[in-house]
Colleague: 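Sharing a structure below in structure tokens format, with a few things to ask.
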Amino acid sequence: MPTLLYNALIRANHIAGLTHKSLLLFTQMLSNQVPPNSYTFPPILKSAATYPPHLGTALHSQVLKRGVLSDPFIQTTLVVTYSRNNRVDHAWKVFVEIPFFCVVACNAMLNAFCTNGDIEGALSLFERMPNRDVVSWTTIVNGFALNGSYEAAIRLFGMMMAHKDVVDCLVKPNEATFVSVLSSCANLDSRAALDCGKQVHGYIVMNEVNLGIFVGTSLINLYGKMGCLNYAVNVFDRMVSREVCTWNAMISSLASNGKEKESLDMFEKMKVEGLQPNSITLVAVLTACAHGNFVREGLELFRSMSRDFKVVPIMQHYGCVIDLLGRAGHLQEAADIIRNMPFQPDASVLGAFLGACRIHGAIELGEEIGRKMLKLQTEHCGQYVLLSSMNAEKERWDRAANLRKDITEAGIQKIPAYSMVHLT
DNA sequence: TTAGGGTTAG
């Protein structure tokens, strides 16, 4: 079989997600002494990115050996592969060897910085790039979002729209750009962020941008988070095609806006339409059950989800079901589930339980689980609280307040309040 | 035949 056929097969398997098969074909190719060429490596390197890093490195040596390292497609793919292996240092080494400023390679490197948490590195490269296209802008907007700087992401999107960039003044956003900025808006909690999201929506409508799965789902998520349920429903109804994530966003929006019954109805409708609920769907539906006090339905769903939907419960599902039982006062049942969990419960599960114990005055049960929680979280929470108190003693109020904020953000805010555990 | 950016989670 000639090189060309191997290349086609490797690529086809890579696209189909059969990364193992595509790697196997490559080894077969070598053992049959069919020489790989520059077309062989991009798909095989991307397949390798899903495996431990040494595979990528081994393929890098093959690239060298076959004398195709100067191929720009291979160089860019190497940057991507090392980045996905969290080796941004190796990605950079490959990148600096690329002789000409190529916008695609720069974008790959930009994304390498962004996905590895080096937003300063990304920004520095972004500012030095001689050319920036819509992918560059989207990557940096999304990079800020990935690193939690949603305001900065929105600001950069604004710069792009206002053509503030002297070099590149004709960049038009596309669907990926909208998705990044809408997601940033949804992660904020201000009127300004909602207004920004609405403006983006307006732009989408005015410019007759296709309301595809990604944009539609992002809009539903934004409006759902901001409490604008009518807008979310409106977008959902207007969409021509919907996927599981679209339904998930709609079910979550209804569940968190007091429409628990409608949320469950939506879940039924989704199943009727032949869609397979996934792990996220079940988190959303269990949330609806917890908020709507549908104890029996929620518990039934939780117990049958592995069988009916092939979704094995993870921490979040346990969190929901403990919340569900806890709110309704079924503390003994909740404690049984915690005791029999196949993995250690985290602070969110135990926190939900302790909250319920406090509300329902179940001191003994609370103590048992509280001890378990302290044991798990001592270094985490204890150190934070201690640090916070020490700062307060020295009148470093701002630092003390920041640490307290960290505790809240880590989702373990219930621990310091649970002083009865310390008394035992 | 080949390279870069995107959605949903108590």
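Just so it is clear, the model here is predicted, and its values are computed rather than measured. Chain letters run A, B, ... following the sequence lines, proteins first, then strands; residues in each count from 1.
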Colleague: Tell me what A/Asn7 touches on the nucleic acid: a base, only sugar-phosphate, or nothing, going by heavy atoms under 4.0 Å.
Modeller: base
Colleague: Can a side-chain donor-acceptor contact be found between A/Thr138 and A/Thr177 if the only test is distance below 3.5 angstrom?
Modeller: yes
Colleague: Rounding to a whole Å, what distance do you find between A/Ile119:CD1 and B/dG5:C1'?
Modeller: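 Whole-Å distance recorded here is 13 Å.
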Colleague: Would you call A/Arg339 and A/Glu333 a salt bridge, using N to O less than 4.0 angstrom?
Modeller: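 The answer is no: the pair does not qualify as a salt bridge.
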Colleague: Between B/dG5, B/dT8, B/dA3, spot the one nearest the side chain of A/Asn248, thanks.
Modeller: B/dT8
Colleague: For A/Leu275 and B/dT8, what is the distance between atoms CG and P respectively, to the nearest whole Å?
Modeller: 18 Å
Colleague: Output all residues satisfying side chain to side chain contact (heavy atoms under 4.5 Å, CB included) with A/Phe100, sequence neighbours left out; order by chain, then residue number.
Modeller: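 By the side chain to side chain contact (heavy atoms under 4.5 Å, CB included) rule, A/Phe100 matches no residue at all.
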Colleague: Tell me the interatomic distance from A/His14, atom NE2, to B/dA3, atom C1', rounded to whole angstroms.
Modeller: 11 Å
Colleague: What's A/Leu110 touching, base or sugar-phosphate or nothing? Going by heavy atoms closer than 4.0 Å.
Modeller: nothing
Colleague: What contact category does A/Thr138 fall into here, base, sugar-phosphate, or nothing, at under 4.0 angstrom with non-hydrogen atoms?
Modeller: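 Base, at least one base heavy atom under 4.0 Å.
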Colleague: Where the side chain of A/Leu4 is concerned, which of B/dT1, B/dA9, B/dG5 is the nearest nucleotide?
Modeller: B/dT1
Colleague: Assess the side chains of A/Thr139 and A/Asn111: does a donor N or O sit below 3.5 Å from an acceptor N or O?
Modeller: no
Colleague: Applying side chain to side chain contact (heavy atoms under 4.5 Å, CB included), name anything that partners A/Gln62, two or more places apart in sequence or on another chain.
Modeller: A/Phe26, A/Leu30, A/Phe41, A/Lys65, A/Arg66
Colleague: Touch check for A/Cys102, heavy atoms < 4.0 angstrom, all strands: base, sugar-phosphate only, or nothing?
Modeller: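 Base, at least one base atom sits under 4.0 Å.
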Colleague: Give me the residues of residues 32-67 of chain A where at least one heavy atom lies under 4.0 Å from an atom of DNA chain B, by number, or none.
Modeller: A/Ser38, A/Tyr39, A/Pro42, A/Lys46
Colleague: Any side-chain N or O of A/Asn221 under 4.0 Å from OP1/OP2 of B/dT7?
Modeller: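 Looking at the OP1 and OP2 atoms of B/dT7, neither is under 4.0 Å from any side-chain N or O of A/Asn221.
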Colleague: Tell me, which of residues 173-204 of chain A have any heavy atom that sits under 4.0 Å from an atom in DNA chain B?
Modeller: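 A/Asn174, A/Glu175, A/Ala176, A/Thr177, A/Val179, A/Ser180, A/Ser183, in order of number.
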Colleague: Look at the side chain of A/Lys225 and decide which nucleotide, out of B/dT8, B/dA9, B/dG5, has an atom nearest to it.
Modeller: B/dA9
Colleague: When you check the side-chain N and O atoms of A/Asn7 and A/Arg11, is any donor under 3.5 Å from an acceptor?
Modeller: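 There is no such pair (donor and acceptor under 3.5 Å, judged by atom type) between the side chains of A/Asn7 and A/Arg11.
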Colleague: Please report the distance, rounded to the nearest Å, between CG in A/Leu78 and P in B/dA3.
Modeller: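 That distance rounds to 13 Å.
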Colleague: Ignoring the backbone of A/Phe214, work out which of B/dG6, B/dT2, B/dG5 is nearest its side chain.
Modeller: B/dG6
Colleague: List in chain and number order the residues that pass salt bridge (Lys or Arg N to Asp or Glu O under 4.0 Å) with A/Arg327, two or more places apart in sequence or in another chain; answer none if no residue qualifies.
Modeller: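 Partners of A/Arg327 under the salt bridge (Lys or Arg N to Asp or Glu O under 4.0 Å) test: A/Asp323.
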Colleague: Taking the side chain of A/Ala249 as heavy atoms from C-beta outward, which of B/dT8, B/dT2, B/dT7 is closest to it?
Modeller: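 So the side chain of A/Ala249 is nearest to B/dT8.
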Colleague: I need the full list of side chain to side chain donor-acceptor pair (under 3.5 Å) pairs touching residues 41-61 of chain A, with sequence neighbours left out, sorted by first then second residue.
Modeller: A/His14-A/Ser47, A/Thr19-A/Tyr51, A/Ser22-A/Ser47, A/His60-A/Tyr82
Colleague: Measure CE/A/Met226 against C1'/B/dT8 and give the value in whole Å, please.
Modeller: 16 Å
Colleague: Check every strand shown and say whether A/Val80 touches a base, only sugar-phosphate, or nothing at a heavy-atom separation below 4.0 Å.
Modeller: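 Answer is sugar-phosphate: A/Val80 comes under 4.0 Å of backbone atoms only.
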Colleague: Using only heavy-atom distances, decide whether a donor-acceptor pair under 3.5 angstrom links the side-chain of A/Thr76 to the base of B/dA3.
Modeller: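 Looking at the base of B/dA3, it does pair with a donor or acceptor on the side chain of A/Thr76 (distance under 3.5 Å).
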Colleague: Give me the ring orientation class for A/Phe157 and A/Phe178: parallel if the planes are under 30° apart, tilted from 30 to 60°, perpendicular past 60°.
Modeller: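 Answer is perpendicular, since the angle exceeds 60°.
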Colleague: Return yes if a side-chain donor-acceptor contact under 3.5 Å exists between A/Asn147 and A/Ser149, otherwise no.
Modeller: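 No, no side-chain donor-acceptor pair sits under 3.5 Å.
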Colleague: Please assess A/Arg191 against A/Asp195 for the test salt bridge (charged side-chain N to carboxylate O under 4.0 Å, His left out), listing each intermediate value before the final yes or no.
Modeller: CA-CA 6 Å; A/Arg191 175 79 213 184; A/Asp195 287 343; 3.4 Å; yes
Colleague: Whole-Å distance between B/dT7 P and A/Phe236 CZ?
Modeller: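 A/Phe236 atom CZ is separated from B/dT7 atom P by 20 Å.
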Colleague: So which nucleotide from B/dT2, B/dG6, B/dA9 ends up closest to the side chain of A/Asn142?
Modeller: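 When the side chain of A/Asn142 is considered, B/dG6 is the closest of B/dT2, B/dG6, B/dA9.
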Colleague: Using a 4.0 Å heavy-atom cut-off across all strands, classify A/Val283 as base, sugar-phosphate, or nothing.
Modeller: sugar-phosphate
Colleague: Given atom OH of A/Tyr82 and atom P of B/dA3, what is their separation to the nearest angstrom?
Modeller: 19 Å
Colleague: Please state how far atom CD1 in A/Ile140 lies from atom P in B/dG6, giving the value in whole angstrom units.
Modeller: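 Distance, rounded to whole Å: 13 Å.
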